[in-house]
Amino acid sequence: MSAAIIDGKAFAAELRARIAVHAAAFERAAGRKAGLAVVLVGSDPASEVYVRSKGKQTIEAGMASFEHKLPADATEDALLDLVARLNADPAVDGILVQLPLPAHMDETKVIAAIDPDKDVDGFTVVNAGRLATGLDGFVPCTPLGCLMLLKDRLGDLAGKTAVVIGRSNIVGKPMAQLLLKESCTVTIAHSRTADLARVVRGADIVVAAVGRPEMVKGDWLKPGACVIDVGINRLPPADGAAKGRLVGDVDFASASQVAGAITPVPGGVGPMTIAVLLRNALVAAHRNAGVALAAGAI
Ligand code: NAD
């Protein structure tokens with residue numbers, strides 16, 4: 001069998017186009033643009049690329065982008081002051097603090113300082129609790145993007161067996177909560193799981209969020225399974241090349257022979273993350289300004 005390729009790049013582009021339509025309608029109704037603030041501390045090159053790309057896509061969607069950069073040696077208090085100002089700023093609907101923070105800062109404390117109703121990354125304990133208890137809140141962007149791809153491919157997920165590999169707070173755990181909410185039977189696998197291949201083989205849906213290049217092999221999969229590969233890993237450069245290839249946590253060559261559908265890396269889950277961030281910021285703007293947004297519109 002040769003798997004269908006789930007085109008996250010195209011899906012994300014359609015989502016951004018829908019967001020732009022609703023962002024324009026929001027501006028007409030509220031008399032201001034929806035606003036997303038992104039805070040970067042230090043100059044980690046990967047983080048700088050993400051932040052630039054977030055700012056660019058926010059503006060392209062017709063929303064206001066507020067970028068705040070603090071030096072790597074800024075104090076934690078300076079960052080907490082900035083977050084407090086953004087919490088109080090009516091032009092800012094969503095706040096994202098780019099992680100990782102420098103080692104002298106306490107990430108948990110900084111995330112906890114973000115107003116949960118502006119926490120468009122869904123990282124605060126309040127939003128994690130809302131997700132776990134089935135209340136409305138902000139859901140972390142990457143797992144929500146994965147869920148959108150799964151529902152687009154499979155329709156109703158109720159009764160399906162799902163294995164999420166990875167138990168991080170930003171991907172694995174919220175992914176499992178989302179699948180549970182869709183009435184899947186969910187297993188969370190992790191670094192201490194015994195016989196991971198056997199666990200994966202029982203699943204109609206496999207979400208891999210591990211950070212280990214090409215770990216999940218085709219012969220681990222149930223034939224026809226839907227495979228979502230969250231991993232982004234750069235292989236060492238081949239002879240003479242400046243950069244190594246980007247690969248996921250799934251061995252695409254063997255998995256695509258067995259799966260029913262699979263996301264490629266790059267071009268699968270990756271592009272969904274920022275698109276969902278814009279979605280969450282626009283939802284926050286509607287709530288903050290008291291402007292109605294039809295359920296499921298974006
Ligand atoms: P993490 O390091 O916080 O968590 C990794 C998880 O994998 C852990 O829970 C660990 O228990 C599990 N794990 C480690 N080794 C394992 C093994 N041998 N078998 C089974 N489980 C194992 O990572 P994360 O932040 O959740 O990210 C996971 C991957 O997803 C990374 O490659 C990251 O780059 C990628 N990622 C991509 C996006 C995106 O936008 N596409 C967003 C976030 C993360």
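Bear in mind the structure is a predicted one, so any value in this text is a computation, not a measurement. Counting convention: from 1, in listed order, for ligands and their atoms alike. Heavy-atom basis, side chains included; hydrogens, waters and symmetry copies ignored.
With respect to atom 11 (O) of ligand 1, the closest heavy atom belonging to the protein is S191 N, 3.1 Å. For atom 42 (C) of ligand 1, the nearest non-hydrogen atom of the protein is T142 OG1, 3.3 Å. Atom 29 (C) of ligand 1 has as its closest protein heavy atom G211 N, 3.7 Å. Of the protein's non-hydrogen atoms, the one nearest atom 34 (O) of ligand 1 is I232 O, 3.6 Å. Nearest non-hydrogen protein atom to atom 9 (O) of ligand 1 is R167 N, 2.8 Å. Of all protein heavy atoms, the one lying nearest to atom 25 (O) of ligand 1 is I170 CD1, 3.7 Å.
Proximity annotation for atom 7 (O) of ligand 1: of V210, V265, V171, L277, V210 comes nearest, heavy atoms only. Counting only non-hydrogen atoms, the option in M175, R212, H190 that gets closest to atom 18 (N) of ligand 1 is R212.
Atom CD1 of I205 is separated from atom CG of L154 by 5.5 Å, given to the nearest 0.5 angstrom. F66 contributes atom CZ, which lies 14.0 Å from atom CG of L96 (distance to the nearest 0.5 angstrom).
Atoms of ligand 1 found under 4.0 Å from any heavy atom of G270, numbered from 1 in the order shown, are 41 (N). Counting the atoms of ligand 1 from 1 in the order shown, those under 4.0 Å from a heavy atom of V269 are 41 (N). Short contacts between ligand 1 and N233, defined as distances under 4.0 Å to a heavy atom of the residue, involve ligand atoms 32 (O). Set against the non-hydrogen atoms of L196, the atoms of ligand 1 under 4.0 Å away are 19 (N), 20 (C).
At least one heavy atom of V230 lies less than 4.0 angstrom from ligand 1. Assignment of A209 to the shell around ligand 1 is supported, since a heavy atom sits closer than 4.0 Å. Not a single heavy atom of G172 sits under 4.0 Å from any atom of ligand 1.
Only the side chain of T273 comes within contact range of ligand 1, with a heavy atom under 4.0 Å; no backbone atom does. If you look at M215 next to ligand 1, the close heavy atoms, those under 4.0 Å, all belong to the side chain. Neither the backbone nor the side chain of T193 comes within contact range of ligand 1; no heavy atom lies under 4.0 Å.
Salt bridge status for R52 with E48: absent, with no side-chain N to carboxylate O gap under 4.0 Å.
In this structure the side chain of D229 never reaches within 4.5 angstrom of the side chain of V269, judged on heavy atoms.
For the pair R287 and F138, the cation-pi criterion (under 6.0 Å, within 45° of the ring axis) is fulfilled.
Residues T161 and D204 bring a donor and an acceptor atom of their side chains to less than 3.5 Å of each other. D117 and N288 form no side-chain donor-acceptor contact under 3.5 Å, judged by distance and modelled atom types alone.
At least one N or O atom of S168, backbone or side chain, sits closer than 3.5 Å to an N or O atom of ligand 1. Looking at I165 next to ligand 1, no N or O pair under 3.5 Å apart turns up.
No chain of hydrophobic side-chain contacts below 4.5 Å, direct or via other Ile, Leu, Val, Met, Phe, Trp or Tyr residues, connects V216 to V186. Residue M175 is grouped with residue M272 when hydrophobic side chains (ILVMFWY) are merged at heavy-atom distances under 4.5 angstrom, including chains of intermediate members.
A donor-acceptor pair under 3.5 Å is formed between the side chain of D119 and the backbone N or O of T124.
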What do the steps show when you test D93 against L36 for side chain to side chain contact (heavy atoms under 4.5 Å, CB included), and what is the final call?
CA-CA 6 Å; D93 296 296; L36 174 63; over 6 Å; no

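When all heavy atoms of A297 and R18 are compared, the pair lying nearest together is O-NE, 3.6 Å.
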